[in-house]
Participant: 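Please read through the structure below; I'll follow up with questions.
Below, each value reflects all heavy atoms present in this structure, side chains not excepted, and no hydrogens, waters or symmetry copies.
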Amino acid sequence: MVERLKVSMITICYNAEKTIAKTIESVLSQDYENLEYIIVDGGSKDHTVDIIKSYENKKIHWISEKDNGISDAFNKGIKMATGDLIGLINADDYLFPHALANLTLACHECTDVLYGNTIVDDQENELKLIKYAGSAEGLEYSLPFIHQSSLVRKKAYDQYGGYSEKYKICMDYDLFARFYRGGGKVSICQYSC
């Protein structure tokens with residue numbers, strides 16, 4: 001069974017007191033036992049850290065310190081991660097029940113990046129839709145999936161590098177395009193996260 005793979009989920013945040021609890025609960029409620037959860041807070045000035053502390057247990061590791069932006073925060077979390085597979089879930093996003101179990105079932109030994117569909121649930125704007133993941137060949141021109149719907153092998157980050165701090169946007173496209181162009185195996189899973 002694939003569940004033997006350890007999954008590290010990473011959330012980066014800054015002043016996320018309104019949304020961080022729902023994100024944390026969605027990760028901790030996953031029916032996947034071999035899970036590590038890392039939260040990288042950028043030195044929040046609100047009650048974000050108090051909320052994180054209220055969830056402390058053996059599966060949560062967290063830091064709160066100033067960073068140099070989103071890519072730096074992602075990279076801090078990736079360096080802390082000890083899992084075979086690493087996923088990123090932002091502080092205003094959440095995982096659906098069984099998401100990790102279903103994604104890891106589709107993971108093959110040779111897969112570096114596994115991705116699936118994303119359910120966009122923008123309650124503020126009353127918008128709910130599924131962003132269907134496209135073919136990995138599309139990485140030559142655009143990102144055919146949303147990075148929150150992907151799991152990446154730790155060894156792929158070690159081989160191809162992390163997020164580039166020179167980009168303020170599109171850092172996820174740059175990362176996955178480097179993986180793809182470098183020969184990384186990118187696979188699609190038709191599950192929605």
Side-chain angles (χ1 to χ4, degrees), residues 1-12 23 26-27 30-38 40 59 61 70-90 93-120 129-167 169-193:
M1 184 170 181
V2 181
E3 193 165 321
R4 63 179 162 43
L5 295 173
K6 184 175 184 180
V7 175
S8 297
M9 290 302 299
I10 299 167
T11 295
I12 65 168
T23 303
S26 80
V27 174
Q30 292 295 304
D31 57 349
Y32 195 85
E33 288 298 315
N34 204 2
L35 174 65
E36 167 184 64
Y37 189 27
I38 298 166
V40 179
K59 288 187 180 176
H61 309 285
I70 294 170
S71 293
D72 182 37
F74 281 152
N75 290 335
K76 284 181 181 184
I78 292 164
K79 286 178 186 163
M80 291 173 65
T82 62
D84 303 294
L85 297 167
I86 298 173
L88 304 173
I89 187 79
N90 295 330
D93 296 327
Y94 55 94
L95 293 172
F96 272 34
H98 318 295
L100 294 180
N102 288 322
L103 273 173
T104 56
L105 284 174
C107 189
H108 303 287
E109 199 60 39
C110 61
T111 301
D112 291 315
V113 179
L114 177 68
Y115 66 94
N117 302 326
T118 304
I119 297 174
V120 177
L129 57 93
I130 297 177
K131 165 119 171 71
Y132 290 98
S135 167
E137 284 76 33
L139 273 167
E140 285 297 318
Y141 310 103
S142 67
L143 190 59
F145 58 92
I146 296 175
H147 76 262
Q148 293 95 319
S149 296
S150 68
L151 293 175
V152 177
R153 284 202 184 269
K154 173 88 164 153
K155 66 178 185 165
Y157 284 115
D158 295 340
Q159 182 175 355
Y160 302 111
Y163 287 85
S164 173
E165 290 185 42
K166 71 180 180 179
Y167 298 111
I169 59 171
C170 298
M171 68 283 284
D172 50 355
Y173 170 70
D174 169 70
L175 175 85
F176 291 112
R178 276 189 283 120
F179 285 178
Y180 183 74
R181 291 181 189 128
K185 176 75 170 134
V186 182
S187 300
I188 188 169
C189 167
Q190 286 304 321
Y191 181 74
S192 297
C193 298

Participant: Checking T82 now: which residues fulfil side-chain hydrogen bond (donor to acceptor under 3.5 Å, both in side chains) with it, not counting sequence neighbours?
Facilitator: K6, E36
Participant: Would you compute the distance between atom CG of L95 and atom CE of M9 and round it to the nearest 0.5 angstrom?
Facilitator: 4.5 Å
Participant: Can you find a pair of side-chain heavy atoms, one from L151 and one from L100, that are under 4.5 Å apart?
Facilitator: yes
Participant: Do you know which two heavy atoms are closest between S150 and F176, and how far apart they sit?
Facilitator: OG-CZ, 3.6 Å
Participant: One pair to check against side chain to side chain contact (heavy atoms under 4.5 Å, CB included): R153 and L5. What are the steps and the verdict?
Facilitator: CA-CA 10 Å; R153 284 202 184 269; L5 295 173; 4.2 Å; yes
Participant: For the atom pair CG (N90) and CD1 (I70), what is the distance rounded to the nearest 0.5 Å?
Facilitator: 7.5 Å
Participant: Quick one: pull up CD in E165 and CE in M171 and give me the separation to the nearest 0.5 Å.
Facilitator: 9.5 Å
Participant: How would you list, by chain and number, every residue that makes a salt bridge (charged side-chain N to carboxylate O under 4.0 Å, His left out) with D84, sequence neighbours excluded?
Facilitator: none
Participant: Search all heavy atoms of D31 against all heavy atoms of A101 and return the closest pair with its distance.
Facilitator: OD1-CB, 3.7 Å
Participant: Between Y160 and G184 (side chain of the first, backbone of the second, donor and acceptor by atom type, cut-off under 3.5 Å), is there such a pair?
Facilitator: yes
Participant: Between Q30 and F96 (side chain of the first, backbone of the second, donor and acceptor by atom type, cut-off under 3.5 Å), is there such a pair?
Facilitator: yes
Participant: As a quick check of understanding, evaluate side chain to side chain contact (heavy atoms under 4.5 Å, CB included) for V152 and L88, giving each step before the final call.
Facilitator: CA-CA 9 Å; V152 177; L88 304 173; over 6 Å; no
Participant: Is it the case that the side chain of D93 and the backbone of I89 share a donor-acceptor pair, with hydrogens and angles ignored and the cut-off at 3.5 Å?
Facilitator: no
Participant: From T104 OG1 over to N102 CG, what is the distance, rounded to the nearest 0.5 angstrom?
Facilitator: 7.5 Å
Participant: Does the side chain to side chain contact (heavy atoms under 4.5 Å, CB included) test come out yes or no for V7 and Y32, once each step is laid out?
Facilitator: CA-CA 9 Å; V7 175; Y32 195 85; 3.6 Å; yes
Participant: Could you give the distance from OG (S8) to CG (N34), rounded to the nearest 0.5 Å?
Facilitator: 9.0 Å
Participant: From L175 CG over to Y173 OH, what is the distance, rounded to the nearest 0.5 angstrom?
Facilitator: 11.5 Å
Participant: Anything under 3.5 Å between a donor and an acceptor, one on a side chain of residues 73-81, the other on a protein residue two or more places apart or in another chain? List them.
Facilitator:
unit_1: N75; atom_1: OD1; unit_2: Y163; atom_2: N; d: 2.8
unit_1: N75; atom_1: ND2; unit_2: S71; atom_2: O; d: 3.2
unit_1: N75; atom_1: ND2; unit_2: Y163; atom_2: O; d: 2.7
unit_1: K76; atom_1: NZ; unit_2: E65; atom_2: OE2; d: 2.8
unit_1: K76; atom_1: NZ; unit_2: K66; atom_2: O; d: 3.1

